[in-house]
Amino acid sequence: MIDSHLHLWDLGPGAGGGMGPDGGGPCAAVGHLTGGPRPYAWLGPQHGGLFRSYGEEEARETLEAAGVEGVVLVQADDTVADTESMLAVADRDPWALGVVGWIPLEKPAHAEKELQRFLLSPAFVGVRHLIHDDPRDNFLELPAVRDSLRMVARYGLVFDVPDAFPRHLGHAVRLARALPELTVVLDHLGKPPLADAAAMDVWRSQFRALAELPNTVAKVSGLHLPGVPYTAAGLRPLWDEALEAFGPGRLMIGGDWPVSTLGAPYGRTLEVLLELVAELSTAEREDFLEHTAARTYGLSRELAENTPKFRF
């Protein structure tokens, strides 16, 4: 299995009760040394157990216990330091098959320099921006951002869109339609508001419009939703909608560790998704559990063959 969505972060000393299991890292003290914003500023005490560092050794142990063979590391901070940290992990650890990092999309010239630098690592496979934390509803419509995303496509990379609903899912549809050469990956099914029937009607319309575009893929991930039991039965309406809209060949599994631990342990998060996928054919299950991620992110056969084979 390839988990298409896993995060790492190092908050450094003085945050969340210390360094966590792995100690310091390359982006641990950026804010402290420069006087600038603290890394991962979206994280705080209000996030409970998330407000500490989560590093590669803890991730490796978690993946091994769950039987996961490899992951795509996904940015959790709009900084180059976060991307550099993940690429360093990918250089050391064969289970880190790919990295979706960050570049300054509003500054195309600067963005291209960072792309060229990051592409020196074969693990760099895509970019993402925390649009749900950006105050601008029209971020994906900005001309400079569109120019940068055209460049992302030219370099053969993909663009992940996090937490798209309610502000950005419609914009993601327009982006994918305007840039057919760009592969757009919808993280967490766009965060559907399953507990709100009226909002679900809007989400469903936008979600289906995105799925109609062949250059789009979706992650079944991050579905610990307010007011929704995290069970196969509770997620069944979303699973059925996603399967009908995208099909198993354009869906991929994502554990969203460690964010998902707020709702359930990592193993339980995957267990529920595996219960849903059990109804598919063998080929369809293989797409969902591995092949879609490998195709979408261009994970090389060499990387996959070198992945340690943990218990499944």
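FYI, side chains are in, hydrogens and waters are out, and symmetry mates aren't considered; it's all heavy atoms of this structure. We number each residue from 1, following the sequence as shown.
For H7, the ring-ring contact (aromatic ring centres under 6.0 Å, His included) partners two or more places apart in sequence, or in a different chain, are H5.
Contact check for W239 versus V277: side-chain heavy atoms found under the 4.5 Å cut-off. Proximity of L175 to F159: side-chain heavy atoms (C-beta onward) are separated by under 4.5 Å at one or more points. Two residues are said to be in side-chain contact when any heavy atoms from C-beta on lie closer than 4.5 Å; L270 and M1 meet this criterion. The side-chain heavy atoms of L238 and V220, taken from C-beta on, include no pair separated by under 4.5 Å. Side-chain contact between W95 and E64 is absent, with no heavy-atom pair separated by less than 4.5 Å. Counting heavy atoms from C-beta on, the side chains of I103 and L105 come closer than 4.5 Å. Contact of the E284 side chain with the L243 side chain is not registered, since no non-hydrogen atoms from C-beta on lie closer than 4.5 Å. Between F246 and V217, every side-chain heavy-atom pair lies at or beyond the 4.5 Å cut-off.
Within the 3.5 Å criterion, the main-chain N or O of G255 finds no donor-acceptor partner in the side chain of T269. T62 contributes a side-chain N or O that, together with a main-chain N or O of E58, makes up a donor-acceptor pair within less than 3.5 Å. Of the possible donor and acceptor atoms, none in the side chain of R208 sits under 3.5 Å from a partner among the backbone N and O of A245. Using modelled atom types, one side-chain atom of R167 and one backbone atom of D134 make a donor-acceptor pair closer than 3.5 Å. Between the D82 side chain and the Q75 main chain, no donor and acceptor come within less than 3.5 Å of each other. Using a distance-only test at 3.5 Å, with no hydrogens or angles considered, no donor-acceptor pair links the side chain of W9 to the main chain of G55. T83 contributes a side-chain N or O that, together with a main-chain N or O of W102, makes up a donor-acceptor pair within less than 3.5 Å. One N or O on the side chain of H171 and one on the backbone of D137 form a donor-acceptor pair closer than 3.5 Å.
H188 NE2 to D163 CG: the interatomic distance, rounded to the nearest 0.5 Å, is 5.0 Å. Atom CD in E69 sits 10.0 Å away from atom CG in L289 (nearest 0.5 Å). The CG atom of L213 sits 12.0 Å away from atom CZ of R174, with the distance rounded to the nearest 0.5 Å. Rounded to the nearest 0.5 Å, atoms CG (L6) and OG (S221) are 11.5 Å apart. Distance CH2/W203 to CG/L194: 8.5 Å, rounded to 0.5 Å. We find the CE-CZ distance between M200 and F207 to be 9.0 Å, quoted to the nearest 0.5 Å.
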Practice prompt. Decide side-chain contact (heavy atoms from CB on, under 4.5 Å) for D187 and R128; before the verdict, give the C-alpha distance in whole Å, the side-chain angles of both, and the deciding distance to 0.1 Å.
Written response: CA-CA 10 Å; D187 295 347; R128 190 174 89 143; 3.0 Å; yes
Practice item. Quick one: do R136 and L142 satisfy side-chain contact (heavy atoms from CB on, under 4.5 Å)? Show the steps, please. Key: CA-CA 10 Å; R136 295 163 295 183; L142 298 176; 3.9 Å; yes
- request: Apply salt bridge (charged side-chain N to carboxylate O under 4.0 Å, His left out) to the pair E84 and R117, showing each step before the final yes or no.
  value: CA-CA 10 Å; E84 291 167 347; R117 187 166 67 92; 2.9 Å; yes
- Query: Stepwise, does the side-chain contact (heavy atoms from CB on, under 4.5 Å) test hold for V272 with L223?
  - Reply: CA-CA 10 Å; V272 168; L223 296 179; over 6 Å; no
Check against side-chain contact (heavy atoms from CB on, under 4.5 Å), V125 and V100: CA-CA 6 Å; V125 296; V100 174; 4.2 Å; yes
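The residues E56 and R60 are annotated as not salt-bridged, no charged nitrogen and carboxylate oxygen being separated by less than 4.0 angstrom. Comment: R154 does not engage E181 in a salt bridge, judged by the lack of any side-chain N to carboxylate O separation of less than 4.0 angstrom. Ion pairing of R236 with E279 is present here, as a side-chain N (NZ or NE/NH1/NH2) and a carboxylate O approach within less than 4.0 Å.
Between the side chains of T292 and D287, no donor N or O sits under 3.5 Å from an acceptor N or O.
Summarising the geometry of P162 relative to I131, their closest heavy-atom pair is O-CG1, 3.7 Å, with the distance given to 0.1 Å. Closest heavy-atom contact between L280 and R285: O-NH1, 2.6 Å. Across all their heavy atoms, L50 and Y54 have their closest contact at O-CE1, 3.6 Å. Of all non-hydrogen atoms in D77 and P39, the two that sit nearest each other are OD2-CA, 3.8 Å. Scanning all heavy atoms of the two residues, the minimum distance from V161 to A164 falls at CG1-CB, 4.0 Å. Counting all heavy atoms, side chain and backbone alike, N215 lies closest to L179 at ND2-O, 3.2 Å.
Seen from the ring of Y266, R268 does not count as a face-on cation partner, given the 6.0 Å and 45° thresholds.
Ring planes of F124 and F118: tilted class, angle from 30 to 60°. By the 30° and 60° cut-offs, the orientation of the rings of F139 relative to H129 is parallel.
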